[in-house]
Amino acid sequence: MKKDFTFNIKSVSLDENYHPSTNTRITTNFANLARGEYRKANLRNALNMINNRFNALAHWDNTKGERYAVELEIVSVEIGIEDGCESFPSIEILKTNIVDHKTNKRIEGIVGNNFSSYVRDYDFSVLLQEHNKGKPQFSIPDDFGVLHGKLFQSFVNSDTYKQNFKKPPVICLSVSDNKTYNRTENQHPVLGVEYEPNESSLTEQYFKKMGLQVRYFMPLNSAAPLALFFFGDLLNDYSNLELISTISTMETFQKIYRPEIYNANATAGKSYKPNLKNLDHSLTQIVYDREERGKLANEQGKFAQEHFIKPYQTVLEQFSSSYLS
């Protein structure tokens with residue numbers, strides 16, 4: 001039995017003409033926007049928001065605020081099982097590329113934006129729910145997130161990843177409404193003011209098993225901090241433009257998906273507790289079906305259980321016990 005899996009990468013541009021493929025996880029933010037009557041306007045407006053935010057943050061030598069544009073690439077990763085004879089859709093992420101209209105250069109951005117995963121859906125929507133069913137007190141299975149973490153690290157360490165991307169991924173998520181975040185004195189010229197949480201969250205623990213650290217920053221003119229998960233040294237391993245590409249992309253999606261937090265009319269203070277019931281917020285001109293997104297996460301968790309976890313249980317157990325992360 002081999003100790004590792006193989007990975008296959010496919011990519012497609014995310015622009016206003018994008019249509020989700022039959023293999024795309026439709027809970028993914030960009031796929032949600034790209035369906036229905038307003039799909040083209042949704043995508044155009046979201047991309048405009050990203051470009052405007054990028055230029056606002058990259059303001060030096062950019063007097064008119066139109067020097068840069070962000071191009072997005074949807075990266076779909078399939079995991080090869082049993083010597084590649086069969087495969088399963090593993091994760092889907094966005095990669096940013098930056099177009100500098102002044103120099104006519106195209107700059108590679110960061111991969112990892114809008115990270116989504118079938119196995120993560122299984123862990124949170126199926127495994128965690130079944131583990132706590134009928135129990136008076138919430139608890140977490142001992143091996144929760146172990147398989148997913150090792151699969152993710154196997155991908156990042158693979159030749160496939162290294163041949164396609166020059167730097168490790170950065171995954172940007174929203175802050176948790178279960179925690180309080182306190183502003184520190186540390187401030188980065190692009191990422192903004194750093195915040196620290198009062199305690200660790202289940203998401204932090206889950207991503208730690210993926211080998212990722214986390215820091216929380218609130219960029220200039222943002223309403224709330226963003227959670228940035230990364231390998232290595234976040235502040236020194238990436239250029240300002242690379243970091244801005246992730247901020248502008250993910251803050252835009254959070255404004256659409258979490259307007260109560262990221263499109264709030266009041267900015268986070270020294271001590272900040274996110275509130276998903278906050279009524280003092282503005283809505284974007286973009287149609288987004290949050291209720292459907294939650295339902296589909298459950299369906300895709302069950303899909304992963306039926307087509308990956310159960311059929312390949314022995315293979316996955318041997319991989320999980322043998323792979324050294």
Side-chain angles (χ1 to χ4, degrees), residues 1-7 25 27 77 79-82 86 88-93 112 115-158 161 168-181 196-216 227-232 294-325:
M1 181 66 62
K2 65 177 184 176
K3 295 181 180 180
D4 212 344
F5 292 103
T6 58
F7 299 94
R25 297 177 66 260
T27 59
V77 183
I79 185 167
I81 309 164
E82 296 181 339
E86 297 183 45
F88 181 79
S90 175
I91 64 174
E92 203 156 47
I93 45 182
F115 171 81
S116 61
S117 162
Y118 270 106
V119 177
R120 184 175 67 163
D121 280 346
Y122 163 77
D123 281 342
F124 280 91
S125 300
V126 179
L127 179 62
L128 197 59
Q129 301 299 323
E130 290 180 353
H131 176 76
N132 285 283
K133 192 174 183 179
K135 293 183 178 179
Q137 189 170 355
F138 180 83
S139 64
I140 302 168
D142 291 338
D143 60 348
F144 186 69
V146 171
L147 172 62
H148 181 268
K150 292 188 175 184
L151 287 171
F152 179 76
Q153 291 184 67
S154 177
F155 168 59
V156 173
N157 290 325
S158 69
Y161 184 93
V170 175
I171 299 172
C172 182
L173 302 179
S174 63
V175 286
S176 170
D177 60 333
N178 294 320
K179 296 196 297 182
T180 299
Y181 299 83
E196 291 181 348
N198 63 329
E199 60 182 351
S200 178
S201 69
L202 178 57
T203 298
E204 279 186 18
Q205 296 165 26
Y206 192 82
F207 276 72
K208 188 175 182 180
K209 291 176 182 176
M210 297 163 62
L212 296 165
Q213 310 170 61
V214 63
R215 293 178 75 170
Y216 299 87
L228 295 147
F229 293 85
F230 59 94
F231 296 97
K295 291 178 180 177
L296 291 173
N298 291 329
E299 290 179 14
Q300 292 180 165
K302 292 175 182 176
F303 176 85
Q305 180 183 37
E306 181 181 350
H307 297 280
F308 186 62
I309 302 297
K310 285 185 175 179
Y312 303 106
Q313 183 176 357
T314 301
V315 176
L316 295 173
E317 286 176 352
Q318 292 190 11
F319 165 78
S320 188
S321 64
S322 63
Y323 183 81
L324 299 176
S325 56

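For reference, positions follow the sequence shown, starting with 1.
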Side chain to side chain contact (heavy atoms under 4.5 Å, CB included) partners of [X], counting only residues at least two apart:
X: Leu228; answer: Val170, Cys172, Leu191, Phe217, Leu234, Thr246
X: Asp177; answer: Pro274, Leu276
X: Asn198; answer: Lys179, Thr180

For [X] and [Y], indicate whether the former's side chain and the latter's backbone hold a donor-acceptor pair under 3.5 Å.
X: Ser321; Y: Gln318; result: yes
X: Ser158; Y: Phe155; result: yes
X: Ser125; Y: Asp121; result: yes

Measuring from [X]:[atom1] to [Y]:[atom2], what's the distance to the nearest 0.5 Å?
X: Lys150; Y: Asn157; atom1: NZ; atom2: CG; result: 13.0 Å
X: Lys209; Y: Leu147; atom1: NZ; atom2: CG; result: 11.5 Å
X: His148; Y: Asp143; atom1: NE2; atom2: CG; result: 14.0 Å
X: Ile91; Y: Phe152; atom1: CD1; atom2: CZ; result: 6.0 Å
X: Gln313; Y: Phe308; atom1: CD; atom2: CZ; result: 12.0 Å

Close side-chain approach of [X] to [Y], heavy-atom, < 4.5 Å:
X: Val126; Y: Lys302; value: yes
X: Arg120; Y: Tyr206; value: yes
X: Ile81; Y: Thr6; value: no
X: Leu151; Y: Tyr323; value: no
X: Ile171; Y: Met210; value: yes
X: Leu173; Y: Phe115; value: no
X: Phe124; Y: Phe144; value: yes
X: Asp123; Y: Leu128; value: no

Could you pull out all residues at least two apart from [X] that satisfy side-chain hydrogen bond (donor to acceptor under 3.5 Å, both in side chains)?
X: Glu306; result: none
X: Tyr161; result: none
X: Gln305; result: none
X: Ser200; result: Glu204

Set of residues satisfying ring-ring contact (aromatic ring centres under 6.0 Å, His included) with respect to [X], sequence neighbours excluded:
X: Phe230; answer: none
X: Tyr216; answer: Tyr181
X: Phe303; answer: Phe88, Tyr118, His307
X: Phe207; answer: Phe229

Please report the shortest heavy-atom distance between [X] and [Y], naming the atom on each side.
X: Gly112; Y: Pro169; value: CA-CB, 4.3 Å
X: Ala227; Y: Ser174; value: CB-O, 4.1 Å
X: Phe7; Y: Phe5; value: CE1-O, 3.7 Å

Among residues two or more places apart or on two chains, list those pairs meeting side chain to side chain donor-acceptor pair (under 3.5 Å) that have a residue in residues 127-140.
His131-Ser139
